[in-house]
Every structure is written in structure tokens, then in C-alpha cells.
Asks: 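First the structure, then my questions, so here it is.
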Amino acid sequence: MCTHANGTVSHGNSWFWIITPGSTAPEGSECVELDERKTAILKAVIKNYLETGEPVGSRTISKYTDLNLSPATIRNEMADLEEMGYIEQPHTSAGRIPSDKGYRFYVDNLMQERDREVQEMKEMLLEKEDKMDHLLKQVARVLATNTNYATMISAPTIQKNKLKFLQLSKVDAKQILAVIVVEGNVIKNQILDVTEELNDETMLKLNILLNTHLNGLSIDEINLSMIAALKKQAGIHSDIINEVIDAVADAIKADEELEIYTSGTNNIFKYPELADHDMASQIIHTFEEKQALNQLVTERLADEESTGIQVYIGNEAPIQNMKDCSIVTATYELGEGMKGTIGIIGPKRMDYDKVVDTLKTLQEQLDTLYSKKE
């Protein structure tokens with residue numbers, strides 16, 4: 001479907017006119033106006049019908065929507081929608097069911113809403129990542145300057161991701177696109193192959209089925225019995241369920257390499273006990289390669305019960321090249337399961353009071369700064 005600058009909307013060879021404020025329908029065009037109330041009622045009819053398979057009456061819609069309208073008012077609106085061709089009455093005294101035109105309106109609007117939501121999330125995520133990157137680099141520098149020690153801070157990662165929603169849409173006759181959004185508004189796209197072309201009603205039913213049962217769940221909570229139930233409801237399209245579950249699992253698992261920012265490595269040379277050439281070189285190498293730092297951060301984030309300050313002294317240090325150092329770490333949280341680790345590395349005679357107070361203050365400031373950038 002294409003929306004044109006003059007207000008026309010085309011789909012295939014069919015055209016209709018959407019009335020918007022300040023616009024008028026061209027002479028000879030089909031004038032179709034769906035206000036917010038009619039649109040909400042139409043969506044409610046379609047969603048209820050897709051869920052139950054039964055014709056939908058006005059009394060059902062009066063309970064189903066948040067419009068707070070009487071059944072009589074809804075009957076009048078449904079009569080208008082029927083006259084416009086969006087719903088139809090299968091037989092006398094029955095409720096209404098969606099027409100092909102109604103399905104088309106619902107599909108186009110649903111896809112537009114999802115596309116817009118995904119695009120907004122992508123733009124917000126890119127802006128947030130750019131700001132966060134700058135912020136964390138600045139934090140590492142300021143921390144090193146204020147303490148005179150070496151510092152590190154990891155970018156926030158999502159812990160125990162949960163699915164926010166997913167959207168399936170057709171690419172062509174043999175492929176569908178799965179857009180998967182998990183906590184933290186992380187978006188993953190994956191192309192899935194299908195053996196036959198899926199019509200609009202099937203795509204809608206699959207979207208509703210999957211979102212109804214999977215939204216808000218972590219991959220650990222999506223068990224075999226749930227998958228079996230989904231496949232049973234999907235019927236002949238059960239093979240798609242397996243592919244979607246695999247795609248969700250790929251999106252949820254946190255396998256990306258951690259981003260770690262460091263600063264103040266030259267501060268190591270300020271302390272004679274660490275300034276030995278070989279020892280200092282090993283410590284600096286650890287900061288440059290970051291593999292050991294990555295392992296330290298991973299272990300800290302995996303420890304759900306330890307979100308406070310952790311102090312490693314000498315041989316307690318989890319990094320082999322830092323057995324002559326002390327390492328003080330703290331975990332910061334930014335909501336929606338997003339966590340990162342801050343670390344300060346210095347001699348065993350470091351000013352522990354100052355370091356611990358600094359990290360506690362920084363934990364609070366990071367949360368505040370991040371909230372302001374929402």
C-alpha cells in the first residue's frame with residue numbers, strides 16, 4: 001500500500017481516498033472516512049473474530065474496547081462500517097465478521113503502526129547508543145583523573161532478555177521477515193523461509209498467536225509444552241513456529257562482545273610497586289587486549305546477588321596479571337535488565353574509602369544521567 005502526498009492510498013490496482021484535515025476528495029473518487037472511533041471499533045471486531053472465529057456483536061464490542069460507548073451507539077457505527085464494506089453480516093440476526101476490505105484496512109494499518117514503532121525504536125536506540133558511548137568514555141576519563149588509578153567501565157548489556165513483541169510480515173511468496181524487539185528496545189531482524197505463500201489473514205493470526213503467548217517471556221520461560229500448544233494452534237503452519245522460536249532465541253541470547261572503555265593506564269607508573277617494567281607492561285597489555293577485563297565483567301554481571309561494591313586485594317584478583325593490584329568494582333543498573341560494571345585498578349595501598357565512596361556516587365549519578373537522556 002502507498003500513501004501519496006495528495007491523500008490517496010493505493011494497493012495493487014485498487015484506489016480509495018482518505019479524508020484528512022484540510023483535504024478534499026477528488027471528483028469521481030470513492031470517499032471513505034474512518035474516524036478514530038470507527039477505526040477502533042473495526043479493529044476490535046477483527047481482533048475478536050480472529051481470536052474466536054465467531055461473528056461479533058455490538059454488546060461484545062462494548063465490553064471489548066475502551067471507548068465507553070453504549071451497545072446502541074456501537075450498533076450504529078457498525079452499521080456504517082457495514083455500509084462502507086468493511087464488515088459484513090453472514091446471516092440475519094448474527095453479529096458481524098470482517099470483509100476482505102476490512103482485513104486489508106487492518107493489515108495496512110497494523111503494518112504501518114508496527115513499522116513506525118520499529119523505526120522510532122531504531123532511531124531512539126541509535127541516539128541513545130551515541131550518547132551512552134560518549135558518556136561512558138567521559139566517565140572513565142573523569143574517574144581516572146579523580147582517583148589517579150586506572151579505570152574501566154563496560155557498556156550496559158541486557159541481562160535475561162525478555163521479548164517485548166514480534167512482527168511477521170511478508171517479503172515475497174517464499175519468505176517472511178521476523179522483526180523481534182526485546183527488552184532495552186534491542187531490535188533483531190531475521191528472514192524466514194516458508195514453503196507456501198501466506199495470505200493476510202494467516203499472517204494476522206500468526207502475529208496475534210505469537211504475541212499473545214510469547215510477549216514478556218524470557219527464552220527460559222518458553223518451554224516445550226508451550227511450543228507444542230503454539231504449533232497445535234498454528235495448524236498447518238506449525239513449522240513456522242519452530243523457526244520463529246529459534247529466531248527469538250537468537251535475538252534474546254546475549255552473545256555480543258562486551259564494549260569496555262578504559263582510561264588512566266599510565267597512572268600505574270605513579271606507584272613504584274607497580275612501575276617495574278615487566279609488571280607495568282603486563283597490566284597495560286591487559287587493558288589494551290581487554291579479554292581478561294571482559295571475563296571479569298561477565299562474571300560480575302552473572303552474579304545476580306552481588307550488585308554492590310566488590311573489592312579484590314592482591315591474590316584475590318580474578319585477573320592473573322593484576323595479583324599485585326587491588327581491583328574495586330561496582331555494578332550499575334539502568335532499568336529493563338540493563339547492567340554494566342565499573343572498575344578501578346590501583347596498588348594494594350589504594351585509598352579504599354575514597355574509591356568506594358566514588359563508585360557509590362557514580363552508581364547513582366549514572367542512573368540519574370541516563371534517565372535524563374530518555
Asks: Spell out, as yes or no, whether a donor-acceptor pair under 3.5 Å connects the side chain of Lys323 to the backbone of Asn315.
Replies: yes

Asks: Same hydrophobic cluster for Val356 and Val139, using side-chain heavy-atom links shorter than 4.5 Å among ILVMFWY?
Replies: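 Looking at the clustering, Val139 is in the same group as Val356.
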
Asks: To the nearest 0.5 Å, what is the distance between CG on Leu192 and CG on Asp246?
Replies: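 Reported to 0.5 Å precision, the distance equals 9.0 Å.
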
Asks: Roughly how far, to the nearest 0.5 Å, is the CD1 atom of Ile46 from the CD1 atom of Ile41?
Replies: 12.5 Å

Asks: Can you name the nearest heavy-atom pair linking Leu163 to Val181, along with the distance?
Replies: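 Distance-wise, the nearest heavy atoms are CD1-O, 3.6 Å.
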
Asks: Suppose we screen for side-chain contact (heavy atoms from CB on, under 4.5 Å). Which residues come up paired with Asn199, at least two apart in sequence or across chains?
Replies: Glu201, Thr202

Asks: What are the two closest non-hydrogen atoms of Ile268 and Ile345, and how far apart are they?
Replies: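 Of all heavy-atom pairs spanning Ile268 and Ile345, the closest is CD1-O, 4.4 Å.
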
Asks: Would you name the heavy atoms of Leu293 and Phe287 that are closest together and state the gap between them?
Replies: CD1-CA, 4.1 Å

Asks: Looking only at the side chains, is there a donor atom on one of Thr358 and Thr361 sitting less than 3.5 Å from an acceptor on the other?
Replies: no

Asks: Working to the nearest 0.5 Å, report the span between NZ of Lys137 and OG1 of Thr262.
Replies: 10.5 Å

Asks: Begin with the C-alpha distance, continue with both residues' side-chain angles, and end with the deciding distance and a verdict on side-chain contact (heavy atoms from CB on, under 4.5 Å) for Ile327 and Leu296.
Replies: CA-CA 10 Å; Ile327 305 173; Leu296 171 63; 4.3 Å; yes

Asks: Is the shortest side-chain heavy-atom distance between Tyr106 and Lys43 below 4.5 Å?
Replies: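 A side-chain contact exists here, since the closest heavy-atom pair is under 4.5 Å.
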
Asks: Quick one: list whatever passes salt bridge (charged side-chain N to carboxylate O under 4.0 Å, His left out) with Asp80, sequence neighbours left out.
Replies: Lys38

Asks: Is Lys101 close enough and on-axis enough to Tyr86, meaning under 6.0 Å and within 45°, for cation-pi?
Replies: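 Output yes; distance and angle both within limits.
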
Asks: So, taking the atom named CG in Leu198 and the one named CG in Leu168, what distance separates them when rounded to the nearest 0.5 Å?
Replies: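 That separation rounds to 9.0 Å.
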
Asks: Counting distance only, does the side-chain N/O of Thr39 pair as donor-acceptor with the main-chain N or O of Asp35 below 3.5 Å?
Replies: yes

Asks: Considering non-hydrogen atoms only, spot the tightest contact between Ala155 and Tyr261 and give its length.
Replies: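 Scanning both residues completely, I find the closest heavy atoms to be CB-CE1, 4.1 Å.
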
Asks: Is it the case that Tyr352 and Ser326 place a side-chain donor and acceptor less than 3.5 Å from each other?
Replies: yes

Asks: Do Ile313 and Leu359 belong to the same hydrophobic cluster, where Ile, Leu, Val, Met, Phe, Trp and Tyr are linked whenever their side-chain heavy atoms lie under 4.5 Å apart, directly or via other members?
Replies: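 Result: yes, single cluster for both.
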
Asks: Cluster partners of Leu224, using ILVMFWY side-chain heavy atoms under 4.5 angstrom, listed by chain and number?
Replies: none

Asks: Output side-chain donor-acceptor pairs under 3.5 Å for residues 226-245, partner residues at least two apart or in another chain, one line each.
Replies:
residue : atom : partner : partner atom : Å
Ser238  : OG   : Gly235  : O            : 3.4

Asks: Would you compute the distance between atom CG of Asn215 and atom OG1 of Thr212 and round it to the nearest 0.5 angstrom?
Replies: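 Reported value, rounded in 0.5 Å steps: 7.5 Å.
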
Asks: Looking only at heavy atoms, which two atoms of Tyr49 and Pro98 are closest? And how far apart?
Replies: CD2-CD, 3.3 Å

Asks: Does Lys290 have any salt bridge (charged side-chain N to carboxylate O under 4.0 Å, His left out) partners at least two apart in sequence or in another chain, and if so, which?
Replies: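 Lys290 satisfies salt bridge (charged side-chain N to carboxylate O under 4.0 Å, His left out) with no other residue.
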
Asks: So Ile284 and Glu288, do their side chains get closer than 4.5 Å, heavy atoms only?
Replies: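 Of all side-chain heavy-atom pairs linking Ile284 with Glu288, at least one is under 4.5 Å.
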
Asks: Return yes if some donor-acceptor pair links the side-chain N/O of Ser99 with the main-chain N/O of Gly85 below 3.5 Å, else return no.
Replies: yes

Asks: Do you know the tightest heavy-atom contact between Glu316 and Val311?
Replies: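 Looks like OE1-O, 3.8 Å.
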
Asks: Assess whether side-chain contact (heavy atoms from CB on, under 4.5 Å) is satisfied between Ile153 and Thr341, documenting all intermediate values.
Replies: CA-CA 6 Å; Ile153 183 167; Thr341 297; over 6 Å; no

Asks: Got a second to check how far Gln282's CD is from Asp276's CG, nearest 0.5 Å?
Replies: 9.0 Å

Asks: Suppose we screen for ring pair (Phe, Tyr, Trp, His ring centres under 6.0 Å). Which residues come up paired with Tyr271, at least two apart in sequence or across chains?
Replies: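 So Tyr271 forms a ring pair (Phe, Tyr, Trp, His ring centres under 6.0 Å) with Tyr149.
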
Asks: I'd like to know if Arg96 pairs up with Glu82 as an ion pair, taking the criterion as any Lys NZ or Arg NE/NH1/NH2 lying under 4.0 Å from an Asp or Glu carboxylate oxygen.
Replies: yes

Asks: Cluster question for you: counting only ILVMFWY and a side-chain heavy-atom cut-off of under 4.5 Å, with indirect links fine, are Leu209 and Val194 together?
Replies: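 As far as the 4.5 Å side-chain criterion goes, Val194 and Leu209 are connected within one cluster.
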
Asks: Look only at the side chain of Ser154 and the backbone of Ile260, and say whether a donor-acceptor pair between them is shorter than 3.5 Å.
Replies: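 It does not hold such a pair.
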
Asks: Using a 4.5 Å cut-off on heavy atoms from C-beta on, say whether the side chain of Ile97 contacts that of Val56.
Replies: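 Of all side-chain heavy-atom pairs linking Ile97 with Val56, none is under 4.5 Å.
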
Asks: I'd like to know if Glu196 pairs up with Lys174 as an ion pair, taking the criterion as any Lys NZ or Arg NE/NH1/NH2 lying under 4.0 Å from an Asp or Glu carboxylate oxygen.
Replies: no

Asks: Begin from the C-alpha positions of Cys325 and Ile283 and carry the test side-chain contact (heavy atoms from CB on, under 4.5 Å) through to its verdict.
Replies: CA-CA 9 Å; Cys325 303; Ile283 295 174; 3.6 Å; yes

Asks: Report the C-alpha distance between Glu54 and Asn48 in whole Å, list the side-chain angles of each, state the deciding distance to 0.1 Å, and finish with yes or no for side-chain contact (heavy atoms from CB on, under 4.5 Å).
Replies: CA-CA 8 Å; Glu54 298 292 333; Asn48 193 277; over 6 Å; no

Asks: Just checking, is any N or O donor in the side chain of Asn148 or Lys270 under 3.5 Å from an acceptor N or O on the other one?
Replies: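 Asn148 vs Lys270: donor-acceptor pair found between side chains.
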
Asks: Check whether Asn211 reaches the backbone of Leu166 with its side chain - one donor and one acceptor, N or O, closer than 3.5 Å.
Replies: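 The answer is yes, because a donor-acceptor pair under 3.5 Å joins these two groups.
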
